[in-house]
K.L.:
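One structure, as structure tokens, below. Some questions next.
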Amino acid sequence: MNAQKTNHASFLSRLGDAALPLGIVVALLAIWEAAVHLLQIQPFVLPAPTEIFKELMISGPTVILPQLHVTMAETMAGYLAAIVVAAVLSVLILYSSAFRRGVLPLVVASQTIPIITMAPVLVIWFGYNSLPRIIITAIVAFFPLTIAAVTGLKSLEPHFIDFFRSLNATPAQIFFKLRLPVALPSIFGGLKVAATLAVIGATISEWVGASQGIGYLIAQDTALLNTTRVFASLTVLGIAGMALFGLVGLIERLSMPWIYARPTMAWLRAQRSPQSPAAAVARPRQ
Amino acid sequence: MDGVRLQISGLHCGYMTPDRGLVPAVEGVDLALNRNEFVSIIGPSGCGKSTLFNIIAGLLKPTSGEVALDGKEIVGRPGHVAYMMQRDLLLPWRTILDNVVLGPELAGKPMEPVRNRALALLRRFGLEGYENSYPTALSGGMRQRAALLRTIMCERSVVLLDEPFGALDALTRATMHEWLLGIQREFQQTMILITHDPDEAVYLSDRVYVATPRPMSFAGIVPITLPYDRGRDVTMTPEFADHKRQVLALLRGDKGATDALH
Ligand SMILES: Nc1ncnc2c1ncn2[C@@H]1O[C@H](COP(=O)(O)OP(=O)(O)O)[C@@H](O)[C@H]1O
Ligand SMILES: [Mg+2]
């Protein structure tokens, strides 16, 4: 009974958690709407939220969504490529001191270049297709992911390695059954950051040398002073980015039940008849 | 008491430190352990007890000396003894059942019989109903019992226990002593226990090795002549007090007590 009550309370408090940011958004939109009308701001400078919503209804399904589709395809391709690259790099960094000393500084140096300036060059190299944009997306996303993975894989307490060694564990067992699970929270942190960066990377890369995609659409509309549709596109893009972030968060929850299943376990324990450890021990011996 | 299980002779080991060079940690340790015996090593903290266990477990190579298990040299070769380290080191991402079967799993054993055996033993270890819980749901005493079950599940001929009850409150610890003794008798385990608690050492052991401060060697060995089947009441007897007095005297470095033993 008690446990059910607390479960109920936690649901309500979670609803409360969502209500607060939602309320803030609604309030900001209301202020925005009022300001545009009161100050008579031109739509090409700042469109009112209701105008953006109308635009969303008109050109959303026909114009914006097809372009979003292109961008999200690039985002996913670049994101997955970044994950593969980060996995390989982090293992190399972890196990090869030569790689750590020789190549890691170059990887870090590459991150100080504003990669977007490379977009035209990549178009010259790889042609007028989505490949250059996928590459840029991957380059933007792999670095924080690699750093997060390496940090996680190194965060192991040495006692655990000794313990595994005492069981005669192989290096592969130490990696997959020890380092990787320890690193998961950090890796998922990196995956979340990389997800948002991938969306940004794909969109920005479409500003240069692209003929489709939501970034291209935004660039075109900006030039035409169609600010209302720019905002409509940004809204759609924001929702798509949040959806990707949420998807990663969902996978995170499912992959780490030992962290996220705690309330349920507390509930299960409360359901069991009270059983103190001493009582369990004092059971008569057979 | 048939046959020597573990024979340690002339063990020396030191640590290289950046500021003080080679610091000796173990200096001339000899120890012999018979089948089904329970011996304790008691000594001040930092004297080198865990170092000795790390050597026996094959994690650390001594500078000299021999460690033989059932007549076979095992220096520098892990996996031959079951080792419960000073901290319980339960893996937080594994359920209790998955934690306790780790040893056989890493050894590549077929898991079905192993899991069944573990499930059957969970009850004896006071962990019934917790097989699918994560370690965070367990109390300190339960965690130690889970770690001990995991150690026993390795099915090695010698079990090393490094201060298994050091972090528990006195009441839980007393309960655990009785329980551990029951487990050792029931499963016919050959055990070495590290402790800094004289009561624990005397109550559980057939023999108590008293260690000197670092570098570690043995100041003396106290044979415990308490009955094989001993309940908690035995701690109130004069014999128990005598044994404890001997251990404490050796710990203090009292030469007279050592002579009294011979
Ligand atoms: N890896 C190490 N490097 C250097 N010194 C160490 C290392 N491990 C332990 N020592 C030192 O060796 C001594 C014995 O340590 P340890 O065996 O852990 O003691 P105990 O288990 O008896 O408390 C201590 O003084 C400790 O500081
Ligand atoms: Mg120690």
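Protein chains get the first letters and strands the later ones, always in sequence-line order, with residue 1 at the start of each. Side chains are part of it too, since the values below use all heavy atoms of this structure and drop only hydrogens, waters and symmetry mates.
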K.L.:
Assess the residue pair A/L180 and B/W93 against the criterion (side chain to side chain contact (heavy atoms under 4.5 Å, CB included)); give the C-alpha distance rounded to whole Å, side-chain angles, the decisive distance to 0.1 Å, and a yes or no.
P.N.:
CA-CA 11 Å; A/L180 204 55; B/W93 55 90; over 6 Å; no
K.L.:
For A/L167 versus B/C154, what's the shortest heavy-atom pair and its separation?
P.N.:
CD2-SG, 3.5 Å
K.L.:
For B/Y134 and A/I259, what are the C-alpha separation, side-chain angles and deciding distance, and is it a side chain to side chain contact (heavy atoms under 4.5 Å, CB included)?
P.N.:
CA-CA 9 Å; B/Y134 290 100; A/I259 292 177; over 6 Å; no
K.L.:
Mind listing the closest non-hydrogen atom pair of A/F163 and B/L102 along with its distance?
P.N.:
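Nearest heavy atoms, A/F163 then B/L102: CE2-CD2, 3.7 Å.
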K.L.:
Please report the interatomic distance CG(B/L89) to CD(A/E157), rounded to the nearest 0.5 Å.
P.N.:
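Interatomic distance, B/L89 CG to A/E157 CD, rounded to 0.5 Å: 7.5 Å.
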K.L.:
Of the backbone (N, CA, C, O) and the side chain (C-beta and beyond), which part of B/R185 lies under 4.5 Å from a heavy atom of chain A, both, or neither?
P.N.:
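Neither; nothing under 4.5 Å.
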K.L.:
Please classify the contact of B/R156 with chain A as side chain, backbone, both or neither, using a heavy-atom distance under 4.5 Å.
P.N.:
neither
K.L.:
Measuring from B/H80:NE2 to A/N168:CG, what's the distance to the nearest 0.5 Å?
P.N.:
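Reported to 0.5 Å precision, the distance equals 7.0 Å.
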K.L.:
Quick check on the interface: out of B/A82, B/G58, B/P92, who has the most heavy-atom pairs with chain A under 4.5 Å?
P.N.:
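That would be B/P92.
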K.L.:
Is A/L178 close to chain B through its backbone or its side chain, or both, or neither, when contacts mean heavy atoms under 4.5 Å?
P.N.:
both
K.L.:
Any side-chain heavy-atom pair from B/E105 and A/Q173 closer than 4.5 angstrom?
P.N.:
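The answer is no; the side chains never approach within 4.5 Å.
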K.L.:
Go through the atoms of B/L160 and report whether side chain, backbone, both or neither lie under 4.5 Å from a heavy atom of chain A.
P.N.:
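Contact with chain A is absent: no heavy atom of B/L160 under 4.5 Å.
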K.L.:
Could you tell me whether B/L171 atom CG has more than 12 heavy atoms of other residues or ligands within 6.0 Å of it?
P.N.:
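Result for CG/B/L171: open.
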K.L.:
Is it the backbone or the side chain of B/R87 that comes under 4.5 Å from a heavy atom of chain A, or both, or neither?
P.N.:
side chain
K.L.:
Provide the closest heavy-atom pair for A/D162 versus B/M85 in the form atom of the first, atom of the second, distance.
P.N.:
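Distance-wise, the nearest heavy atoms are CB-CE, 3.6 Å.
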K.L.:
Out of B/G103, B/P78, B/G79, B/A107, return the one with the most heavy atom pairs under 4.5 angstrom to chain A.
P.N.:
B/P78
K.L.:
Above 12 or not: heavy atoms from other molecules or residues under 6.0 Å from CE of B/M111?
P.N.:
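Result for CE/B/M111: enclosed.
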K.L.:
Count the heavy atoms belonging to other residues, nucleotides or ligands that lie under 6.0 Å from CZ of A/F176, then report whether that count exceeds 12.
P.N.:
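No.
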K.L.:
Between A/A169 and B/L106, what is the shortest heavy-atom contact and its length?
P.N.:
CB-CD1, 3.9 Å
